[in-house]
Amino acid sequence: MAQYDLPYLPPTRRPCEPHPEVLQQFEVILDENCWSRMVSCYFYYFFQYVPCNVRAFLAEYIDERKKEARKLGKEQVEPALFTHEGRSYNALLKHRPNYTKFCGGEWNTFADDYELCAGDHIEFEPPDEGLNLKIQTYRDDKRLLPLPHVALDDLSSEDFDHVHCCVYSKDIELTYDQTRFFLQRLFGDTFICCRPFVHVLTPTNTKDCVMKIPRSVVSTLKRWVDMPTNGRVTLEAPDEPTHVITPSSYYICKNDGRMVIEKSSFRDFISAASFVEKNVVLITFKELHDRSVSIIIQRIL
DNA sequence: TACGCTTATTCTCGGAGATT
DNA sequence: AATCTCCGAGAATAAGCGTA
């Protein structure tokens, strides 16, 4: 361990305070290297030095864990950064006589996913066992979430397209966690493959009980099921404490192609499902056994 | 001819108003 | 009162135009 005791001293920094011998947790304040170090016009790479007062400990600790994992024949024999959101990054830990740093392609991905920049904090928690280094990211003491689109990364290209054609009411911006929840709802059941609709309930919906489905959603729905100008539908809220099912009807507005839900049944429906103003709902469609259509309305937040 | 910027046109959707 | 059409602000898209 002695050979690694030479501290890395960033040009603008003083040596770090010595750290207690047993380390439960440590924090790294990101510097400018963490997010933009240009190699050429086209490539960037990112890395982050580990403070000199903890690097020896961390390197030794990880080394022991690696040996342990190999001995036990574990699948994972390299350390990984495991974020609070359950995302795992196999960033490289480079331990050299005069510096220790996290780097490599997966560190880049991590920096991209969380849009890290200088001044952000990362809290590291070495694991009691295994090689997942638990981390939490902060900016100004506020926990940093990955960018929403990161939640999409395990989707097949078909599912990715399906998510991207989703119609949103204006002023909706979902966070990473909300996007994940929305995706779980969207792929949690088999719906008609038309454009999904994410809508924030307004007083027009909750007080006047007027509910209109956008033209672009309706036109894609028509590719899969027969939707005459007037017809019967079922309104369903499957996730509420009681699975709400309300028979209803609709008409399609001649002028703009929107589907308008019949008022009184929509009123019954939102009161039974306890939907209120500012709730964000995912609206999808299902074809029932008798070939009628059910409008599935799931609360996202 | 490709590109970027500005202007014109069309489309959308929330909500008001007319009709049944 | 419910159903349906229409209006208008803002967004999205297309067209026009100048520059390199």
Side-chain angles (χ1 to χ4, degrees), chain A residues 38 40-44 147-149 152 157-175 178-179 181-183 185-186 191-237 240 244-286 288 290-301:
Chain A
M38 197 188 282
S40 74
C41 293
Y42 303 105
F43 297 105
Y44 289 83
L147 298 176
H149 76 265
L152 306 176
S157 67
E158 249 174 58
D159 289 346
F160 190 85
D161 291 346
H162 189 51
V163 173
H164 272 263
C165 75
C166 185
V167 179
Y168 296 88
S169 298
K170 61 175 182 183
D171 303 333
I172 291 188
E173 265 187 52
L174 298 179
T175 65
Q178 291 160 356
T179 306
F181 188 70
F182 153 57
L183 294 180
R185 289 287 170 274
L186 183 60
F191 302 113
I192 296 172
C193 202
C194 65
R195 295 181 77 165
F197 177 38
V198 177
H199 177 64
V200 52
L201 295 177
T202 65
T204 310
N205 307 128
T206 55
K207 292 198 172 71
D208 304 340
C209 302
V210 171
M211 181 68 213
K212 293 178 180 180
I213 313 258
R215 172 202 172 98
S216 58
V217 175
V218 178
S219 60
T220 55
L221 179 66
K222 281 178 168 175
R223 288 183 207 154
W224 301 90
V225 282
D226 185 33
M227 296 300 285
T229 315
N230 290 278
R232 300 210 59 79
V233 282
T234 309
L235 304 172
E236 257 189 84
E240 299 310 313
V244 180
I245 302 178
T246 310
S248 180
S249 61
Y250 71 90
Y251 73 90
I252 290 175
C253 182
K254 277 185 196 138
N255 204 37
D256 54 22
R258 284 183 289 181
M259 177 193 277
V260 186
I261 310 297
E262 189 243 330
K263 219 169 177 174
S264 61
S265 55
F266 188 71
R267 178 182 292 121
D268 295 346
F269 174 74
I270 55 170
S271 109
S274 311
F275 285 152
V276 293
E277 195 187 326
K278 288 184 183 153
N279 276 166
V280 177
V281 292
L282 166 65
I283 297 175
T284 47
F285 302 83
K286 237 178 169 179
L288 305 178
D290 61 357
R291 309 209 67 185
S292 67
V293 169
S294 189
I295 303 178
I296 313 292
I297 303 178
Q298 305 180 78
R299 197 197 313 247
I300 300 177
L301 56 138

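Letters go in sequence order (proteins before strands), and every chain restarts at 1.
- When each of A/V281, A/V198, A/V200 is tested with A/I300 by the rule side-chain contact (heavy atoms from CB on, under 4.5 Å), just one qualifies, namely A/V198.
- What separates CD1 of A/I213 from P of B/dC13 is a distance of 11 Å, to the nearest Å.
- Between A/R195 atom CZ and B/dT12 atom C1' there is a gap of 12 Å when expressed in whole angstrom units.
- Nearest nucleotide to the side chain of A/P214, out of B/dC13, C/dT3, B/dG14: B/dC13.
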Polar atoms only, N or O, under 3.5 Å: list the protein pairs with nucleotides 16-20 of chain B and their distances.
none

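- A/T202 comes within 4.0 angstrom of the backbone, heavy atoms only, and of no base.
- The nearest pair of heavy atoms linking A/A237 to A/A273 is CB-CB, 4.0 Å.
- Nearest heavy atoms, A/S265 versus A/T246: O-CG2, 3.6 Å.
- The salt bridge (Lys or Arg N to Asp or Glu O under 4.0 Å) contacts involving residues 258-271 of chain A comprise A/D256-A/R258, where partners must be two or more places apart or lie in separate chains.
- Nucleotide B/dC13 holds its P atom 11 Å from the NE2 atom of A/H199, rounded to whole Å.
- Listed by residue number, the members of residues 224-233 of chain A with any heavy atom below 4.0 angstrom from DNA chain B form an empty set.
- The distance from the NE2 atom of A/H162 to the CG atom of A/L186 is 4.5 Å, given to the nearest 0.5 Å.
- Counting only residues at least two apart or on different chains, no ring-ring contact (aromatic ring centres under 6.0 Å, His included) pair has a member in residues 245-268 of chain A.
- A/L301 contributes atom CG, which lies 7.5 Å from atom CG of A/N279 (distance to the nearest 0.5 angstrom).
- Note: CE (A/M211) to C1' (B/dC13) measures 11 Å, nearest angstrom.
- Between A/N205 atom CG and B/dC13 atom P the separation is 13 Å, expressed in whole Å.
- Going from atom CD1 of A/I283 over to atom CD1 of A/I261 covers 8.0 Å, rounded to the nearest 0.5 Å.
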Can I get a per-line list of side-chain donor-acceptor pairs under 3.5 Å for residues 219-229 of chain A, giving both atom names and the distance, sequence neighbours left out?
| residue | atom | partner | partner atom | Å |
| --- | --- | --- | --- | --- |
| A/S219 | OG | A/R215 | O | 3.2 |
| A/S219 | OG | A/S216 | O | 3.2 |
| A/T220 | OG1 | A/R195 | N | 3.0 |
| A/T220 | OG1 | A/S216 | O | 3.4 |
| A/T220 | OG1 | A/V217 | O | 2.8 |
| A/W224 | NE1 | A/C193 | O | 3.4 |

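- For the atom pair NE2 of A/H199 and CG of A/N205, the computed distance is 3.5 Å after rounding to the nearest 0.5 Å.
- Considering CZ of A/F191 and CD1 of A/I295, their distance stands at 13.0 Å, rounded to 0.5 Å.
- Applying a 4.0 Å cut-off to non-hydrogen atoms, the residues of residues 258-277 of chain A that approach DNA chain C are A/R258, A/E262, A/K263, A/R267, listed by residue number.
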